[in-house]
Amino acid sequence: NDGKTYTVNSIGEKAFNYTKATKVTIPASVDSIKKNAFDFNDITELNLSEGLKYIGDYAFYGSNLTNLTIPSTVIKIDTDAFASSTSLATLTLKEGLKYISNSAFYHTALTSLTIPASCDSIGNSAFLNCDQLKTVTLNEGIIKMGDGIFNGCKLLNSITLPSTLKSIGTEPFLNCTKLTSINIPAALENIGNAFIAKTSVATITVDANNKKFHVVDGVLYDTKNIILYACPMTGITDLNIKSSCSVILDGAFWGTSIKKVTLPNGFLAVGDYAFCQSSLESINFPKTLTYYGEQAFASTNLTEVTLPENAPYVQDGAFAGCLKLTSVIIP
């Protein structure tokens with residue numbers, strides 16, 4: 001500029017958004033690419049140099065990239081950084097990456113994915129609706145996985161949760177219709193609602209060293225059998241809930257083949273979407289039941305219902321879409 005040469009060390013917000021550039025090379029001097037820097041562009045080729053540390057919100061949103069390599073110096077990929085890059089089929093993430101933020105690769109064309117051991121946290125919906133994703137490798141080192149992380153990855157057929165994982169959010173595998181099994185690793189302490197809802201999971205296994213969860217009659221409970229977390233989607237049609245159980249979490253039976261469920265005396269609450277779109281034909285409501293959530297029994301095969309005496313409200317959509325329902329008794 002005016003005969004003086006400057007070293008560019010950062011790409012600012014919206015610096016190149018809505019440009020027609022198709023090839024971009026970021027030099028090693030640049031350590032950060034800020035919010036919306038290249039969003040809504042025609043980029044088909046992106047070369048990121050070692051030295052880059054941060055990729056900001058929406059930085060390459062809606063790009064035309066087909067393949068991408070993230071340098072080992074990148075520590076964080078922020079919210080929606082490559083979201084809706086619908087041609088992005090190949091992604092290489094190198095050791096050094098610490099954090100993938102919310103929706104970072106939402107609705108891309110990835111077919112396989114490997115998360116490096118250095119990455120300890122993955123945000124909400126990071127790979128939501130990656131409907132071509134078939135295989136995922138999660139290396140040891142991941143501690144936290146957010147809500148809906150693989151929601152809508154309908155071709156995902158297998159995944160192994162790493163032994164280091166401590167927390168996984170709500171609806172992490174919702175609509176992963178090819179997924180047939182899931183493991184609960186030793187360190188896992190927190191599992192969100194609708195854990196395996198609307199998948200094809202037939203088998204749930206729990207590491208022998210896990211102190212929080214166990215499987216009884218194929219069903220996932222906490223070790224005290226107070227909370228029922230998840231039921232396999234197939235293989236169980238008749239279930240007696242454990243006598244000490246008082247809560248069924250949201251979405252625990254969402255989409256299952258269950259037909260008959262017997263709740264114990266002392267049972268308290270059925271969560272939102274708990275039996276939604278399941279094959280449920282029969283369930284009892286003990287006097288102690290005080291709550292059942294939104295769409296808890298929606299689109300099931302119930303034919304008659306006697307509403308529980310001590311539950312003061314019928315929540316929104318509780319029995320919506322129950323096309324075979326012909327009798328309802330209101331206390």
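- Asp39 and Asn36 share a side-chain donor-acceptor pair at under 3.5 Å.
- Side-chain contact, Ser10 with Ser32: a donor N or O sits under 3.5 Å from an acceptor N or O.
- One side chain, Thr262 or Asn240, offers a donor N or O that lies under 3.5 Å from an acceptor on the other.
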Residues Ile115, Leu93; criterion side chain to side chain contact (heavy atoms under 4.5 Å, CB included); working and verdict: CA-CA 7 Å; Ile115 304 294; Leu93 302 173; 4.0 Å; yes

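- Under the 3.5 Å distance criterion, the side-chain polar atoms of Ser118 are matched with a main-chain donor or acceptor of Gly96.
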Candidate pair Ile184 and Asp207, rule side chain to side chain contact (heavy atoms under 4.5 Å, CB included), full reasoning: CA-CA 6 Å; Ile184 307 299; Asp207 189 281; over 6 Å; no

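- Within the structure, the salt bridge (Lys or Arg N to Asp or Glu O under 4.0 Å) test picks out no pair touching residues 218-232 (sequence neighbours left out).
- The closest side-chain donor-acceptor pair between Asp78 and Ser101 falls under 3.5 angstrom.
- Looking at Phe60 and Ile33, their side chains come closer than 4.5 Å, going by heavy atoms from C-beta outward.
- Under the 4.5 Å side-chain criterion, counting only non-hydrogen atoms from C-beta, Cys231 is in contact with Ile236.
- Smallest separation of non-hydrogen atoms from Asp147 and Thr170: OD1-N, 2.8 Å.
- Side-chain contact annotation: Glu140 with Ser163, donor-acceptor N/O pair under 3.5 Å present.
- Of the listed residues (Leu161, Leu113, Thr114, Thr160), just one forms a side chain to side chain contact (heavy atoms under 4.5 Å, CB included) with Leu138, and that residue is Leu161.
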Intermediate values then yes/no, side chain to side chain contact (heavy atoms under 4.5 Å, CB included), Leu46 and Phe82: CA-CA 12 Å; Leu46 175 63; Phe82 296 93; 4.1 Å; yes

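- Inter-residue side-chain proximity for Thr256 and Leu280 is flagged as unmet; no heavy-atom pair is nearer than 4.5 Å.
- Rounding to the nearest 0.5 Å places NZ of Lys259 at 10.5 Å from CG of Asp238.
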side-chain hydrogen bond (donor to acceptor under 3.5 Å, both in side chains) evaluation trace for Ser87 with Thr66: CA-CA 5 Å; Ser87 297; Thr66 57; over 6 Å; no

Stepwise side-chain hydrogen bond (donor to acceptor under 3.5 Å, both in side chains) check, Tyr99 with Asp120: CA-CA 6 Å; Tyr99 183 59; Asp120 58 22; over 6 Å; no

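- The aromatic ring centres of Phe195 and Tyr229 sit 6.0 Å or more apart.
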Under 3.5 Å, sequence neighbours excluded: what are the donor-acceptor pairs made by side chains of residues 309-326?
from   : atom 1 : to     : atom 2 : distance (Å)
Asn310 : ND2    : Lys287 : O      : 2.5
Thr326 : OG1    : Thr303 : O      : 3.3

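- The aromatic rings of Tyr221 and His214 stand perpendicular to each other, their planes meeting at an angle above 60°, with 30° marking the opposite boundary.
- Distance check: Ile258 CD1 to Thr237 OG1 gives 6.5 Å after rounding to the nearest 0.5 Å.
- The number of heavy-atom neighbours closer than 6.0 Å to NZ of Lys212, taken from other residues, nucleotides and ligands shown, is above 12.
- A distance of 9.5 Å separates OG of Ser72 from CD of Glu95, quoted to the nearest 0.5 Å.
- Side-chain N/O atoms of Tyr54 and Asp31 include no donor and acceptor closer than 3.5 Å.
- Applying the 6.0 Å contact sphere to CD of Glu50 captures more than 12 heavy atoms from other residues, nucleotides or ligands.
- Nearest heavy-atom pair, Asp42 versus Lys20, reported as atom, atom and distance to 0.1 Å: OD2-CD, 3.1 Å.
- Closest heavy-atom contact between Pro185 and Asn210: O-ND2, 2.7 Å.
- The CZ atom of Phe213 sits 9.0 Å away from the OG1 atom of Thr223 when rounded to the nearest 0.5 Å.
- Residues Ser85 and Ser63 have side chains that bring a donor and an acceptor to within less than 3.5 angstrom of each other.
- Counting only heavy atoms from C-beta outward, the side chains of Leu228 and Ile241 approach each other to under 4.5 Å.
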Could you pull out all donor-acceptor pairs under 3.5 Å where a side-chain atom in residues 196-206 meets a protein atom, sequence neighbours excluded?
from   : atom 1 : to     : atom 2 : distance (Å)
Lys198 : NZ     : Gln277 : OE1    : 3.1
Thr199 : OG1    : Ile196 : O      : 2.8
Thr199 : OG1    : Val201 : N      : 3.2
Ser200 : OG     : Thr177 : O      : 2.4

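- With a 4.5 Å cut-off on side-chain heavy atoms, Phe127 and Thr108 do not count as touching.
- Aromatic pair Phe253/Phe297: centroids not less than 6.0 angstrom apart.
- Looking at heavy atoms from C-beta onward, Asp80 lies out of side-chain contact with Asp57 at the 4.5 angstrom threshold.
- Atom CZ of Phe150 and atom CG of Leu174 lie 14.0 Å apart (nearest 0.5 Å).
- Here the CG-OG distance, from Leu302 to Ser278, works out to 7.5 Å after rounding to the nearest 0.5 Å.
- Between the side chains of Thr25 and Asn47, at least one donor N or O lies within less than 3.5 Å of an accepting N or O.
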Verdict with reasoning, Glu45 to Thr22, per side-chain hydrogen bond (donor to acceptor under 3.5 Å, both in side chains): CA-CA 6 Å; Glu45 183 180 342; Thr22 58; over 6 Å; no

Ile55 vs Leu48, side chain to side chain contact (heavy atoms under 4.5 Å, CB included): CA-CA, chis, key distance, verdict: CA-CA 10 Å; Ile55 301 174; Leu48 302 175; 4.1 Å; yes

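- For the residue pair Cys276 and Gln295, the shortest heavy atom distance occurs at CB-O, 3.5 Å.
- Across all their heavy atoms, Asn102 and Asn124 have their closest contact at OD1-N, 2.8 Å.
- Checking each of Phe275, Tyr273, Phe173 against Trp254 for a ring pair (Phe, Tyr, Trp, His ring centres under 6.0 Å) leaves exactly one that passes, namely Tyr273.
- Considering all non-hydrogen atoms of both residues, Leu188 and Ser167 come closest at CD1-N, 3.7 Å.
- Checked against a 6.0 Å centroid threshold, the rings of Tyr61 and Phe40 count as neighbours.
- In the hydrophobic clustering of ILVMFWY residues, with side-chain heavy atoms under 4.5 Å counting as a link, Tyr106 and Leu110 come out apart.
- Looking only at side-chain heavy atoms (C-beta outward), Thr288 and Asn265 stay at 4.5 Å or farther from each other.
- The closest side-chain heavy-atom distance from Leu307 to Ile329 is not below 4.5 Å.
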